[in-house]
Amino acid sequence: MKKSYILLASTFLFVLGANCLSFQNANAQTKSSSGDVFSPGVTNFALLGEFDYGMNITKNSASFGAPEMAVMPLYRQGRFFFESGIGASFDNNGPALDVGPINLSYMLSNDWLIRVGHFDALPFGRYPRTYDPGWINPLATGPVGFDSIGGYDDFGFQVQGSGFIGNTRLRAFASITNGPQLSLDPGSQGMITSASVADNNKSKMIGGRLSLNPSLSSNFSIGVSEYYTGNVGNSGTQYDGVGANLLAVDMNWAPTVTSLDGFIRLRGQLNAVHVDKANYVDGAGTYTFKNNSSALYGMFAYQPSMSSNHFLQSLMFAFMYSRAKTPSGAKWDLSSTNQYDVGLTYWFNWRTNLKADYDIQENGQNALMLSVAMEL
Amino acid sequence: MKNRSKFKLFWTIVTLFIGSLFIFSACTSTNKIVAQESGAQLWSQKCQSCHNAPPPNQFSPQQWDVIIYHMKVKANLTKQEQEKIVAFLKQR
């Protein structure tokens with residue numbers, strides 16, 4: 001295993017070295033016309049953020065939710081770029097603070113960079129990393145299962161870059177991180193959860209995402225992600241050596257359709273998580289299962305942004321189907337395995353919206369969700 | 001048996017990973033189609049694929065200089081796209 005890491009590290013250095021050399025040549029050619037955007041003299045700061053607030057109405061209850069906000073300080077100095085996030089909300093114990101991401105990027109070349117620190121979600125597909133914020137998601141809720149089967153935070157090292165082969169664009173993320181941990185908590189035994197600062201074993205997770213944009217004139221893209229770790233269990237316990245493999249396939253297409261006087265958004269993603277068979281103990285005794293779980297969603301949205309009617313221009317219609325499949329033998333509490341959402345969004349401007357979303361769940365616990373979201 | 005399949009899986013990932021990196025090292029960083037597109041076209045295409053495109057007057061030129069890096073990290077923009085889009089956004 002150690003040899004593998006050495007080989008991996010050597011390859012990183014070799015390829016990145018090659019890219020740095022190509023950068024020097026490219027940069028020498030472009031400097032005279034456009035200036036060097038990596039100049040150490042350039043220092044800039046920006047503050048972004050988001051706000052989200054919602055209300056849930058079911059057959060038996062109506063509840064105002066907890067407002068959530070986050071601020072994201074961004075800072076660039078020459079080739080370095082720093083980003084962080086600080087979130088504030090409320091839970092049952094009162095106000096709650098959440099920190100992350102916190103990471104530092106270094107531009108190796110025009111199109112390649114490395115990052116170290118905390119990543120708020122690994123590039124495992126594109127949900128929730130890209131589409132979860134309330135001012136981006138056209139629905140008031142996310143797909144079922146994506147909070148437990150995917151969306152893992154992590155700590156470590158990442159390299160990413162993009163380039164063209166002919167008229168096809170390739171984008172790649174690769175990372176070495178602490179990796180997720182095996183949950184032994186009642187109700188989620190056998191599930192894997194986001195990494196913590198102090199890793200529970202020596203094994204690291206490696207993997208990444210490769211995406212293709214086959215036609216540059218459209219913004220259709222398809223991506224494949226895979227991660228592997230040889231151990232998600234605590235060292236020195238019976239769970240030492242329980243490995244995990246994560247796979248995701250995602251697609252996104254957002255064309256302008258002139259015949260519809262607007263644009264559509266088509267998104268989809270399938271996450272599959274495999275954790276080796278293990279024995280778990282709860283109040284009822286010992287039980288064994290192999291965690292093969294999956295979650296998928298498909299979403300369609302349409303906004304008649306070119307309509308002559310100003311009110312219609314600001315409306316977005318959306319539909320989402322999502323499904324989570326839990327492993328047989330697991331005692332998890334996923335509230336639903338099939339979920340349908342129909343939503344209507346009114347955009348006050350490009351970054352502020354009011355959403356009404358009717359959420360239909362397999363177990364009959366349907367809900368009407370209202371929310372307002374803003375990018376700060 | 002379990003260790004053997006893990007070993008195979010691990011090497012499959014390593015091989016795919018190294019293969020991907022070599023493919024990328026052969027990639028070009030510029031493209032004729034992108035070169036022909038204006039900053040406004042790229043701004044509309046790239047932003048709109050995930051979220052509404054922000055109007056240029058929403059942030060100052062200094063802020064755009066940082067925000068474009070945020071998007072470079074988030075969406076893997078190439079330098080060619082980054083420069084064209086930020087030039088358009090700074091024009092206001």
Side-chain angles (χ1 to χ4, degrees), chain A residues 1 4 7-8 11-12 15 18-19 22-23 26 34 37 42 44-46 48 72 74-76 81 83 105 109-111 113 115 129-131 135-136 160-165 167 169-174 206-208 210 216-217 219 221 226 228 230 243 245 252 254 256 263 276 347 350-351, chain B residues 2-3 5-7 9-14 16-18 20-34 37 41 44-55 58-70 72-83 86-87:
Chain A
M1 217 54 161
S4 311
L7 180 62
L8 203 61
T11 312
F12 263 132
V15 177
N19 274 281
S22 70
F23 157 72
S34 60
V37 294
V42 179
N44 281 321
F45 175 81
L48 297 180
M72 292 188 64
L74 310 173
Y75 177 82
R76 183 173 84 84
F81 174 72
E83 67 173 3
S105 305
S109 70
N110 289 343
D111 303 316
L113 61 93
R115 286 206 291 167
R129 184 174 181 266
T130 311
Y131 303 135
W135 70 276
I136 294 178
Q160 67 178 76
S162 58
F164 302 95
I165 291 184
N167 287 328
R169 174 212 298 280
L170 287 89
R171 292 187 176 102
F173 294 84
I206 64 162
L210 185 66
L216 292 176
S217 51
N219 49 24
S221 70
E226 179 162 14
Y228 173 76
N245 181 222
N252 178 50
T256 298
F263 66 87
D276 293 340
W347 290 93
W350 68 277
R351 56 181 172 183
Chain B
K2 199 164 95 176
N3 285 338
S5 68
K6 272 184 186 174
F7 184 78
L9 181 64
F10 178 80
W11 278 106
T12 306
I13 294 171
V14 169
L16 287 173
F17 182 70
I18 291 172
S20 305
L21 286 176
F22 273 105
I23 290 169
F24 269 87
S25 67
C27 277
T28 55
S29 62
T30 55
N31 177 272
K32 280 182 188 171
I33 293 178
V34 175
E37 285 185 304
Q41 282 173 310
S44 169
Q45 259 181 35
K46 300 298 154 200
C47 303
Q48 195 70 30
S49 72
C50 295
H51 55 75
N52 294 335
Q58 297 293 298
F59 297 101
S60 71
Q62 290 76 21
Q63 287 173 317
W64 279 128
D65 267 335
V66 186
I67 293 167
I68 198 72
Y69 273 82
H70 175 57
K72 183 183 179 72
V73 168
K74 205 86 170 160
N76 255 355
L77 296 177
T78 62
K79 192 187 178 200
Q80 192 183 25
E81 293 163 337
Q82 180 189 348
E83 286 181 342
V86 85

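Below, chain A is the first sequence line, B the second, and so on; all start at residue 1.
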Please state whether the side chain, the backbone, both or neither of [X] comes within less than 4.5 Å of a heavy atom of chain B.
| X | value |
| --- | --- |
| A:N167 | both |
| A:L74 | both |
| A:E83 | side chain |

query: Among B:S44, B:P55, B:A87, B:S60, which has the most heavy-atom pairs under 4.5 Å with chain A?
result: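 With the most close heavy-atom pairs to chain A, the winner is B:P55.
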message: At a heavy-atom distance under 4.5 Å, which candidate from B:K46, B:Q80, B:Q58 has the highest pair count against chain A?
response: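 Option with the greatest count: B:Q58.
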Do you know the tightest heavy-atom contact between [X] and [Y]?
| X | Y | value |
| --- | --- | --- |
| B:N52 | A:W350 | ND2-O, 3.1 Å |
| A:F45 | B:Q63 | O-CG, 4.3 Å |
| A:A46 | B:I67 | CB-CG1, 4.2 Å |
| A:D111 | B:K72 | CA-NZ, 4.1 Å |
| B:S49 | A:A254 | CA-CB, 3.8 Å |

field: Engaged part of B:Q41 at the chain A interface, taking heavy atoms whose separation is under 4.5 Å
entry: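 Interface part for B:Q41: neither.
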B:A75, part contacting chain A, at a heavy-atom distance under 4.5 Å: backbone
Drop me the distance from [X]'s [atom1] to [Y]'s [atom2], to the nearest 0.5 angstrom.
| X | Y | atom1 | atom2 | result |
| --- | --- | --- | --- | --- |
| A:L48 | B:H70 | CG | NE2 | 6.0 Å |
| B:K79 | A:S109 | NZ | OG | 9.5 Å |
| B:N76 | A:R169 | CG | CZ | 8.5 Å |

query: Partners of B:C47 by side chain to side chain contact (heavy atoms under 4.5 Å, CB included), sequence neighbours excluded?
result: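 Only B:W43, B:H51, B:A53, B:P54 meet the side chain to side chain contact (heavy atoms under 4.5 Å, CB included) criterion with B:C47.
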task: Applying ring-ring contact (aromatic ring centres under 6.0 Å, His included), name anything that partners A:Y75, two or more places apart in sequence or on another chain.
output: none
field: Full working for side chain to side chain contact (heavy atoms under 4.5 Å, CB included) between A:N110 and B:T78
entry: CA-CA 7 Å; A:N110 289 343; B:T78 62; over 6 Å; no
task: Name the member of A:M72, A:R351, A:R129 that forms the most heavy-atom pairs with chain B at distances under 4.5 Å.
output: A:R129
Worked check of side chain to side chain contact (heavy atoms under 4.5 Å, CB included) between B:Y69 and A:N44: CA-CA 11 Å; B:Y69 273 82; A:N44 281 321; over 6 Å; no
